[in-house]
Amino acid sequence: MKFSELAANLDRMEGTNSRNELVRILADVYQASSAEELQPITYLIQGRLAPFFEPVEIGLGERLLISAVAVAYGVPKDEAARLNRQTGDLGITAQRLAPAAHRDTPAVAEVHRRLSEIAAAGGAGSQQKKLDVFTGLLADLDSVSAKHLVRITLGKMRLGIGDPTVLDALSFATKGDRSMRPILEAAYNRTSDLGLIARTLWDAGEPGLEALKVRAGHPLRPQLAERLPNPEAVIKKLGIVGVQPKYDGLRVQIHKDADRVSIFSRNLESMTEMFPELVVAASALGAQSLILDGEAIAYNPESEEYVPFQETTARRRKEGIQELAGRTPMRAFVFDVMFRDGSDLTQLPYERRFEIVEHLLAESDTLLTAPLMTTDSAEVLTRELLDNISKGLEGVVAKRLDSTYQAGARNFNWVKLKRNTSGQLTDTIDVVLLGYYRGKGKRAEFGAGAMLAGVYDSDQDEFVTIS
DNA sequence: TTTGCCTGCCC
DNA sequence: ATTCTGC
DNA sequence: GCAGAATGGGCAGGCAAA
């Protein structure tokens, strides 16, 4: 498929708000693709080159792309920047500046290959090389293709297409209805790779999808928590719940596969190199293979103090890890296990999975079990929430004790209660309007994006800004 | 060598 | 992460 | 309630300009 054909279909998608229509158009695209194109197309329509867990970054953001567009179409950079401010969309900006003439655009796979070449460039002079390849690509594209190429590169497609829409489209393309969606979705949640799902569906059909199992070393999509405003709402909605602290750290999915350990972030990026102390601790656990879910935070067990998020996040680095690991060692508070010794545990009830976590981590002083208490009383839950807040934690997470691990889902099986939304601790305060920020994009059309407010400090006789 | 813009990713 | 919008 | 887009604060690191 030519890139221009894909771009024309992306344009059709942009022109509709109907999800059904989006699914139909995308299904058409899949049906018109060859088997080899399924993966690159799947990534490109999501504004990516590879699945989340692959460390592929194009490294061209808005600023650099404005330069590239200006060079490609022979206009001054100022003018491209001005037009971009006016349109609010660099894709549209490129489309306006591009000559309308038809061109024989490269194949989709070729565009993917050249974007990958941009992503691979590094070291001195790499910025220029990225720009050169990109402007070369623009020179081969018609204006509509240029618009979508820019959006792909920025990762902002603005089409109304997310993972669920792609899954529906794959079902439509093969079955003519949504009947395959549950199987596709489950396979996606196990593998976190939409391109692989598309390819497998074509090559091996439903049995192929079923054969994509949870594997240690391959991240699954983490389960997420919904939010409720107060403890009463939680008890009313869930009844009896398991309650755990909500740590203000980094979500970690810890994989152990024999002697290999890997750690993934909430968005499935690898964090293995950042936390050697967690890797050592996971290696020492008494299981051949494991997938654990938890929150990593720099924590001092002697003083029982959790360090603020900004210090924990400073551990998210490549350099100087050993020194920082000595000064602010990480712990992980583990609350779930999804896989052990070759068995998928996601279908066990939470209560049972938590027992396994406790058993697995009994000996570890680095991988700690997130303590669990059970209640069906709003008063007890309130006390637990306030207790945890007073310890410097972010709040609590309440869980249905009989729920399975639903990878990728955000639903009321897990509910977070946070300090600023607890209802009991918030109150109104008097503030003085000190100024405003213009803001960006849509909000700026209003004239102001955000307000700067202050409270009166009577000691200093001045207004102190708050946030 | 230092500084600062830019990007990507965490929440 | 939160907030808003359309369905 | 779901799905998707658009927004914010703050960190590290890569790179090029100073």
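- Atom NZ of A:K130 and atom C1' of D:dC15 are 10 Å apart (whole Å).
- Going from atom CZ of A:R158 over to atom P of D:dA3 covers 22 Å, rounded to whole Å.
- Between the P atom of D:dG1 and the CG atom of A:L224 lies a distance of 17 Å, rounded to the nearest Å.
- Judged as a side chain to side chain donor-acceptor pair (under 3.5 Å), and not counting sequence neighbours, A:T312 has no contacts.
- Following rounding to the nearest Å, A:D89 (CG) and D:dT7 (P) show an atom-to-atom distance of 11 Å.
- Within residues 38-59 of chain A, the residues having any heavy atom under 4.0 Å from DNA chain B are, by residue number, A:E57, A:G59.
- Residues meeting the side chain to side chain contact (heavy atoms under 4.5 Å, CB included) test with A:S265, sequence neighbours left out: A:N267, A:E269, A:M271.
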Quiz: residues 44-60 of chain A side-chain donor-acceptor pairs under 3.5 angstrom, not counting sequence neighbours:
unit_1 : atom_1 : unit_2 : atom_2 : d
A:Q46  : NE2    : A:D163 : OD1    : 3.4
A:R48  : NE     : A:A50  : O      : 2.9

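- Residue pairs meeting the ring pair (Phe, Tyr, Trp, His ring centres under 6.0 Å) criterion with at least one partner in residues 223-247 of chain A, sequence neighbours excluded, are A:Y247-A:Y306, A:Y247-A:F333.
- Under 4.0 Å is where a charged nitrogen must lie from a carboxylate oxygen, and between A:R315 and A:E277 at least one such pair does.
- Counting to the nearest Å, the P atom of D:dA3 and the CZ atom of A:R221 are 10 Å from each other.
- Partners of A:F172 by side chain to side chain contact (heavy atoms under 4.5 Å, CB included), not counting sequence neighbours, listed by chain and number: A:V23, A:A27, A:R178.
- Counting any heavy atom pair closer than 4.0 Å across all strands shown, A:G155 reaches no nucleic acid atom.
- The CG atom of A:L159 sits 18 Å away from the P atom of C:dG6 (whole-angstrom rounding).
- Taking 4.0 angstrom as the limit, A:K156 places none of its side-chain polar atoms (N or O) nearer than this to OP1 or OP2 of D:dG4.
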Just the table, please: protein N/O against nucleotides 12-14 of chain D N/O, every pair under 3.5 Å.
unit_1 : atom_1 : unit_2 : atom_2 : d
D:dA12 : OP1    : A:R317 : NH2    : 3.3
D:dG13 : OP1    : A:K318 : N      : 2.4
D:dG13 : OP1    : A:E319 : N      : 2.7
D:dG14 : OP1    : A:K318 : NZ     : 3.3

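- Heavy atoms of A:S265 sit under 4.0 angstrom from primed sugar atoms or phosphate atoms, though from no base atom.
- Contact annotation: A:R19 side-chain N/O to D:dG4 OP1/OP2 distance is under 4.0 Å.
- Residues forming a salt bridge (Lys or Arg N to Asp or Glu O under 4.0 Å) with A:D11 (at least two apart in sequence, or on another chain): A:K147.
- Residue A:N411 is out of contact with every strand shown, counting any heavy-atom pair closer than 4.0 Å.
- To the nearest angstrom, P of C:dC4 lies 20 Å from CG of A:N17.
- An OP1 or OP2 oxygen of D:dG1 is reached within less than 4.0 angstrom by no side-chain nitrogen or oxygen of A:R227.
- Partners of A:S18 under the side chain to side chain contact (heavy atoms under 4.5 Å, CB included) rule, at least two apart in sequence or in another chain, are A:T16, A:N20, A:E21.
- Legend: salt bridge (Lys or Arg N to Asp or Glu O under 4.0 Å) pairs involving residues 83-98 of chain A, not counting sequence neighbours, sorted by first then second residue: A:D89-A:R151, A:D89-A:R158.
- Here the range on DNA chain B touched by chain A, meaning any atom under 4.0 Å from one of its heavy atoms, is B:dC6 to B:dC11.
- Between the CG atom in A:L115 and the OG1 atom in A:T153 there is a gap of 5.0 Å [rounded to 0.5 Å].
- A side chain to side chain donor-acceptor pair (under 3.5 Å) with A:R353 is found for one member of A:D293, A:D336, A:T346 and no other, namely A:D336.
- In terms of the side chain to side chain contact (heavy atoms under 4.5 Å, CB included) criterion, A:P182 has no residue partners (sequence neighbours excluded).
- The CG-C1' distance, from A:L26 to D:dA3, rounds to 15 Å in whole Å.
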